[in-house]
Protein chains: 2
Amino acid sequence: MAKRPPTIPDSELDVLKVLWERGQATVREALETLKAAGREWSYATVATLLDRLETKGLVESDRKELAFVYRPTISSQEVRRRRVTSLVDKLYEGEPGLLVLHLLKSHPLDPGQAMEVREILDQMAGAKPKKKG
Amino acid sequence: MAKRPPTIPDSELDVLKVLWERGQATVREALETLKAAGREWSYATVATLLDRLETKGLVESDRKELAFVYRPTISSQEVRRRRVTSLVDKLYEGEPGLLVLHLLKSHPLDPGQAMEVREILDQMAGAKPKKKG
DNA sequence: CCCATCCTAAGACAAGTGTCTCAGAACGTC
DNA sequence: GACGTTCTGAGACACTTGTCTTAGGATGGG
């Protein structure tokens, strides 16, 4: 059985974001970046979070000089995909369209985005369903 | 300071859904509905979840004959709104438009929904921002 | 009256999260 | 080669989530 993907609590997500931004970081570098972003954590807290992420297989590390350097092994795309899928399954009957409708009704798009949406819809209408390449 | 809204774990969400569907329910009624939906919980589990929901102020109850009857005090709309806002804040830079774009790119809409989306966009374009009119 | 039944109240307990403390190893410097 | 700095490793500790047990009050049939 495929074991289902590990959950990513908010605190770990914040740390992951740092790794996505910078590509990689030591505990201390992550700590500094987080501090600049307003997260007042201790060194050990960040270390623990990176450790838990590694246990879950979402980052990997190797020793570089003195300290370990951590790199994400999961993309922000993938994390987004998982969160969205989970939201849609839990609150939108598994229908992404319902979520789109909800979003459009409650949050007007700015014109640039509206344009993009139209383009996507046009393509969708024109395109035969997928087919890679 | 406004204390931030209580979190709603998945198990509690499942119970809330039952209350939304039925309007209200006793523990046993909720249990039966959940069982029909495939959730194999004990009576006590459902009672605990309703209790926690009540503590969080998301349902209220009053005694009816023998048993307590529970009613939701939060709408599914509101729960959706909260979850979506939180997702957008955490993974889409607070930009609902980005989420819309993402959804459209990764999940083609069916034609009916595409139509609806176009209509909403048209309205949005036609309406001058602000000003009742 | 006594028992079976259904309900609530209380809380046990493991796993996951959020955050930190502390002991000790490796490093650079005088 | 003793010192302070920086890192890792181990784990503490409280709170939340997921799920259940157990004890005891109210109710209704015989």
Side-chain angles (χ1 to χ4, degrees), chain A residues 3-19 24-35 37-71 79 82-83 86 89-91, chain B residues 3-19 24-35 37-71 79 82-83 86 90:
Chain A
K3 59 180 174 324
R4 43 171 187 48
T7 66
I8 307 179
D10 290 349
S11 54
E12 289 172 20
L13 187 55
D14 282 354
V15 174
L16 257 187
K17 281 188 204 169
V18 171
L19 298 187
Q24 60 170 46
T26 62
V27 174
R28 185 152 305 274
E29 289 164 348
L31 175 62
E32 294 312 326
T33 303
L34 287 162
K35 194 158 284 177
R39 275 295 212 177
E40 292 294 326
W41 276 329
S42 80
Y43 183 99
T45 299
V46 178
T48 297
L49 293 175
L50 280 165
D51 202 60
R52 289 181 182 168
L53 281 167
E54 186 160 31
T55 299
K56 294 177 183 176
L58 303 178
V59 314
E60 57 184 19
S61 66
D62 55 51
R63 195 150 213 150
K64 196 77 180 183
E65 323 275 310
L66 185 60
F68 280 93
V69 176
Y70 294 83
R71 255 175 286 82
V79 171
R82 288 186 191 176
R83 291 266 177 138
S86 150
D89 285 349
K90 287 204 271 269
L91 285 174
Chain B
K3 63 180 171 322
R4 45 173 185 49
T7 66
I8 307 178
D10 290 350
S11 55
E12 288 171 21
L13 187 54
D14 282 355
V15 174
L16 256 188
K17 281 187 203 170
V18 170
L19 298 187
Q24 59 170 48
T26 62
V27 174
R28 184 151 306 273
E29 289 163 349
L31 175 63
E32 295 310 327
T33 303
L34 286 162
K35 194 158 287 179
R39 275 294 210 177
E40 292 293 326
W41 276 329
S42 82
Y43 184 100
T45 298
V46 177
T48 296
L49 293 175
L50 280 166
D51 202 60
R52 290 180 181 168
L53 281 168
E54 187 159 31
T55 300
K56 294 177 183 176
L58 303 178
V59 313
E60 58 183 18
S61 66
D62 54 51
R63 195 149 214 151
K64 196 76 184 186
E65 323 275 311
L66 184 60
F68 280 93
V69 175
Y70 294 84
R71 254 175 289 80
V79 171
R82 287 185 191 177
R83 291 264 177 140
S86 150
K90 285 205 271 270

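Protein chains get the first letters and strands the later ones, always in sequence-line order, with residue 1 at the start of each. Since we're looking at a predicted model, the values are computed, not measured.
- Between B/R52 atom CZ and C/dA10 atom P there is a gap of 15 Å when expressed in whole angstrom units.
- No side-chain heavy atom of A/K56 sits less than 4.5 Å from a side-chain heavy atom of A/I8.
- Of the listed nucleotides (D/dT19, D/dT17, C/dT19), D/dT19 has the atom at the smallest distance from the side chain of B/L49.
- A/L58 has its CG atom 15 Å from the C1' atom of C/dG16, to the nearest Å.
- Rounded to whole Å, atom P of C/dG18 lies 12 Å from atom CD1 of A/I8.
- Using a 4.0 Å heavy-atom cutoff across all strands shown, A/S11 reaches sugar-phosphate atoms only and no base atom.
- Rounded to whole angstrom, the span from the NZ atom of A/K35 across to the P atom of C/dT19 amounts to 14 Å.
- Smallest separation of non-hydrogen atoms from A/F68 and A/S61: CD2-OG, 3.7 Å.
- Heavy-atom minimum distance, A/L31 versus A/Y43: CD2-CA, 3.9 Å.
- Rounded to an integer number of Å, the gap from A/R39 CZ to C/dT17 P is 15 Å.
- Of the candidate nucleotides C/dT19, D/dT16, D/dC20, D/dT16 has the atom lying nearest to any side-chain atom of B/T7.
- Taking side-chain N and O atoms only, B/S42 has no distance below 4.0 Å to OP1 or OP2 of D/dT19.
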Could you list, one pair per line, each protein nitrogen or oxygen that sits under 3.5 Å from a nitrogen or oxygen of nucleotides 3-9 of chain D, together with the distance?
| from | atom 1 | to | atom 2 | distance (Å) |
| --- | --- | --- | --- | --- |
| D/dC7 | OP1 | A/R28 | NE | 3.3 |
| D/dC7 | OP2 | A/R28 | NE | 2.2 |
| D/dC7 | OP2 | A/R28 | NH2 | 2.5 |
| D/dC7 | O5' | A/Y43 | OH | 3.1 |
| D/dT8 | OP1 | A/F68 | N | 2.8 |
| D/dT8 | OP2 | A/Y43 | OH | 2.9 |

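- Residue A/T48 places none of its side-chain N or O atoms closer than 4.0 Å to OP1 or OP2 of C/dT19.
- Applying the 6.0 Å contact sphere to CD of B/E65 captures no more than 12 heavy atoms from other residues, nucleotides or ligands.
- In this structure, A/L34 places its CG atom 14 Å from P of C/dG18, rounding to the nearest Å.
- Nearest heavy-atom pair across B/T7 and B/E12 is O-OE1, 4.4 Å.
- Atom CG in B/L31 sits about 12 Å away from atom P in C/dT8, given to the nearest Å.
- Among the atoms of the strands shown, only primed sugar atoms or phosphate atoms (P, OP1, OP2) are found under 4.0 Å from some heavy atom of B/K56.
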*Should A/R39 and A/V18 be marked as a side chain to side chain contact (heavy atoms under 4.5 Å, CB included) after you check the CA-CA gap, both sets of side-chain angles, and the distance that decides it?*
CA-CA 12 Å; A/R39 275 295 212 177; A/V18 171; over 6 Å; no

Distance-only donor-acceptor hits, side chain of residues 44-53 of chain B, under 3.5 Å, sequence neighbours excluded:
| from | atom 1 | to | atom 2 | distance (Å) |
| --- | --- | --- | --- | --- |
| B/T45 | OG1 | B/S42 | OG | 3.2 |
| B/T48 | OG1 | B/A44 | O | 3.0 |

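- Protein atom CG of A/L50 is 15 Å distant from nucleotide atom P of C/dT17, rounded to whole Å.
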